[in-house]
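Throughout, numbering of the chain's residues begins at 1 and tracks the sequence.
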Amino acid sequence: MTIKNDTPTFEPGATVVYPNHGVGVITAVEEQEVAGFKLELLAITFEKDRLTVRIPLAKAKSSGLRKLSEPDLVKEALEILSTKAKAKKGMWNRRSNDFQERMATGQLTAMAEVLRDLNRGLSS
């Protein structure tokens, strides 16, 4: 059974990345009734933590769930990590919120930018 969400296609057996837990495998697409509403859920198992997470199919994309990155994207992220950090000005809490939002997207290049910028003072 193939389930389609706006852009990505998720199906049982697919290896995916979930920002809060890492790499997991979709084990099933389930239908459950919650508060009188029927929801389609993706069941994702994370072998490392021996954990199964269920994500509503309608929220899969906004939760940052994604397929594994293509080699070209990984190469781009590695290139970002090797560039000079961009100095961010402003209050630390605004920078922190920005970093957290970018990490939560699950986008490899956005996470690489955050790591590069956080490592600014350490690589001297």
Side-chain angles (χ1 to χ4, degrees):
M1 175 179 193
T2 300
I3 301 298
K4 291 188 179 180
N5 188 12
D6 293 341
T7 47
T9 301
F10 299 113
E11 58 187 43
T15 303
V16 293
V17 178
Y18 188 52
N20 296 330
H21 297 288
V23 177
V25 175
I26 297 175
T27 54
V29 178
E30 304 171 346
E31 190 172 287
Q32 289 185 1
E33 189 170 324
V34 178
F37 296 98
K38 287 190 178 187
L39 294 176
E40 285 188 293
L41 304 171
L42 293 172
I44 305 167
T45 300
F46 299 92
E47 206 49 48
K48 177 184 153 209
D49 299 326
R50 297 183 183 201
L51 172 73
T52 298
V53 174
R54 286 173 177 76
I55 303 170
L57 186 58
K59 300 282 184 180
K61 183 179 176 187
S62 65
S63 72
L65 184 69
R66 64 176 175 81
K67 292 187 174 194
L68 293 178
S69 298
E70 296 293 324
D72 290 342
L73 186 61
V74 173
K75 184 177 178 183
E76 183 181 346
L78 290 172
E79 287 172 3
I80 289 170
L81 288 171
S82 68
T83 61
K84 187 175 178 176
K86 304 226 185 315
K88 299 274 184 181
K89 296 187 180 193
M91 299 294 292
W92 67 267
N93 57 344
R94 288 191 183 138
R95 289 192 314 268
S96 175
N97 287 341
D98 176 53
F99 288 155
Q100 287 177 358
E101 287 172 9
R102 288 170 38 199
M103 291 295 285
T105 66
Q107 294 177 354
L108 197 58
T109 53
M111 292 187 291
E113 290 169 353
V114 169
L115 291 174
R116 174 200 64 201
D117 295 346
L118 285 172
N119 195 36
R120 178 179 43 158
L122 302 175
S123 58
S124 312

Find out if a path of hydrophobic residues (ILVMFWY) with successive side-chain heavy-atom gaps under 4.5 Å connects Val25 to Val53. no

Residues Gly22 and Phe46: closest non-hydrogen pair is O-CE2, 3.4 Å

Looking only at heavy atoms, the pair that brings Leu42 and Ala60 closest together is CD1-CB, 4.0 Å

When every non-hydrogen atom of Ala77 is compared with those of Ala112, the smallest separation belongs to O-CB, 3.6 Å

NE2 (His21) and OG1 (Thr45) are apart, to the nearest 0.5 Å, by 12.0 Å

TODO: Is it possible for you to say whether Phe10 and Leu51 belong to one hydrophobic cluster, with membership spreading through side-chain heavy-atom contacts below 4.5 Å?
DONE: yes

Here the pair of heavy atoms bringing Thr52 nearest to Ala43 is CG2-CB, 4.4 Å

Side-chain heavy atoms under 4.5 angstrom apart, residues restricted to Ile, Leu, Val, Met, Phe, Trp, Tyr: same cluster for Val29 and Leu65?
-> yes

(request) Check the pair Arg66, Leu108 against side chain to side chain contact (heavy atoms under 4.5 Å, CB included), reporting the backbone distance first and the verdict last. (result) CA-CA 10 Å; Arg66 64 176 175 81; Leu108 197 58; 4.1 Å; yes

Rounded to the nearest 0.5 Å, the CG atom of Leu78 sits from the OG1 atom of Thr109 at a distance of 12.0 Å

Nearest heavy-atom contact between Glu113 and Arg102 is CB-NH2, 3.2 Å

Ala28 and Pro12 have their tightest heavy-atom pair at CA-CG, 4.3 Å

### Task
State yes or no: do Met103 and Leu118 share one hydrophobic cluster built from I, L, V, M, F, W and Y residues joined by side-chain heavy-atom distances below 4.5 Å, directly or via other members?
yes

>> Counting only heavy atoms from other residues, nucleotides and ligands, does the tally under 6.0 Å from CD of Glu31 exceed 12?
In response: yes

Worksheet entry | Salt-bridge criterion met for Asp98 and Arg94 (N-O under 4.0 Å) | no

Determine whether Val114 and Val74 fall in the same hydrophobic cluster, where Ile, Leu, Val, Met, Phe, Trp and Tyr are linked whenever their side-chain heavy atoms lie under 4.5 Å apart.
yes

d(Ile44 CD1, Ile55 CD1) to nearest 0.5 Å is 3.5 Å

